[in-house]
Amino acid sequence: MVVLGIESTAHTASVGIVGEDAEILSVAGHMYRPPRGGIHPREAANHHVEVLPDLVRQALERAHLRSGEIEAVAFSQGPGLGPCLRAGATVARMLALAWNRPLVPVNHCVAHVEIARALSGLEDPMLLYASGGNTQVIAYARGRYRVLGETLDIGIGNFLDKLWIELGGSFPGGPEIEKEANRGSELHPLPYSVHGMDVAFSGILTATLALRAKGIERPDLAYSVEVTAYAMLTEITERALAHRHRDEVVLGGGVACNERLRTMVRTMTEGRGGTMFAPPCSLCVDNGAMIAWTGLLAHRAGVSIPVEASAVQPRQRTDLVETPWRAR
Ligand code: AMP
Ligand code: MG
């Protein structure tokens, strides 16, 4: 089976084509970069409408496939920004109708788990999902993917992006903070906000800006922010592992591109005698391939929806989504 998947939950519009055994036949994506400040949902959606038709063409070309060879069309149904989701869903519906193929809804967070699970070969890993808008620890239990812990305020990526802009940089901040942090060495104390299996970042933001106002240089600030925030994520992941008696962790989300985070989670997991896997950065960030792959799993298990019932779900909860391909 060959499935085409469309991702459009936030900044990234992406089309992926995937075959059996998670063979990635092609990915074509384009990211919306706001001229300044944070993301404006309407403008990002306009960007997605503009680029998606060409991304579909590119994905088919790169996979050396004709449209008739696509067996199902999958799309991100939620969670995400309403206008952005609708842009991707509209293109997916159009393709499903034009090609006379089933339309398959996919939960974006579940897709991050499934692509990492397929690439790692791990049977039942826990996901640390660290992206722009989301920060969650997710595990499969009793027939569903469940959120065990999450951010109580903003997503870790949005936190890094906002901080970097406040420090005079530009979007996206995460990779720039990583470069800057590699030049820093002095750890300044910042609020360490772990509440059970949840985390919060706004206190670190305020405290970092206060340190900047006192004249602390950016490399040491970036270093302190990374060490503190990633230690928090590592701690909630470890707590979730201990509670659920698990020993496998996979990473997902754009912040999972970060080498310090990868190293910290790997050290923790291996220290417990477990295994950690991080997909290549191109598959940690939002991408159409993970939507296509999860769509393939779902479609193989009999999932599809009529176009009339395919409304997007900006607040779709991961633990309400059926995952019949994993049902036991
Ligand atoms: P996503 O929301 O999954 O598409 O990921 C985008 C987020 O990942 C943005 O907030 C980026 O700042 C962040 N990001 C990307 N690369 C890195 C990195 N190397 N270190 C930290 N954050 C990163
Ligand atoms: Mg994502």
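For ligands, and for the atoms within them, numbers begin at 1 and follow the listed sequence.
Formation of a donor-acceptor pair under 3.5 Å by the Arg146 side chain with backbone atoms of Ala141 is found in this model.
At a 3.5 angstrom cut-off on N or O pairs, Pro172 does not count as close to ligand 1. Polar contact with ligand 1: present for Glu178 (N/O pair, distance under 3.5 Å). Ligand 1 has no N or O atom lying under 3.5 Å from any N or O atom of His112, backbone or side chain.
The atom of His112 that is an N, O or S and sits closest to the Mg ion (ligand 2) is NE2.
The shortest contact between atom 20 (N) of ligand 1 and any protein heavy atom is with Asn258 ND2, 3.1 Å. When hydrogens are left out, the protein atom nearest atom 22 (N) of ligand 1 is Gly174 CA, 3.3 Å; that is the closest non-hydrogen contact. Of all protein heavy atoms, the one lying nearest to atom 2 (O) of ligand 1 is Gly132 N, 2.9 Å. With respect to atom 5 (O) of ligand 1, the closest heavy atom belonging to the protein is Gly254 CA, 3.2 Å.
A side-chain N or O of Gln58 and one of Asp54 form a donor-acceptor pair less than 3.5 Å apart. Under 3.5 Å, the side chains of Tyr145 and Glu114 contain a donor-acceptor pair of N or O atoms.
When all heavy atoms are compared, the tightest approach of Gln316 to Gly78 is OE1-O, 3.2 Å. Of all heavy-atom pairs between Arg260 and Asn182, the closest is NH2-OD1, 3.5 Å.
Taking backbone and side-chain atoms together, His108 has an N/O/S atom less than 2.8 Å away from the Mg ion (ligand 2).
For the cysteines Cys281 and Cys257, the sulfur (SG) atoms lie within a distance shorter than 2.5 angstrom of each other.
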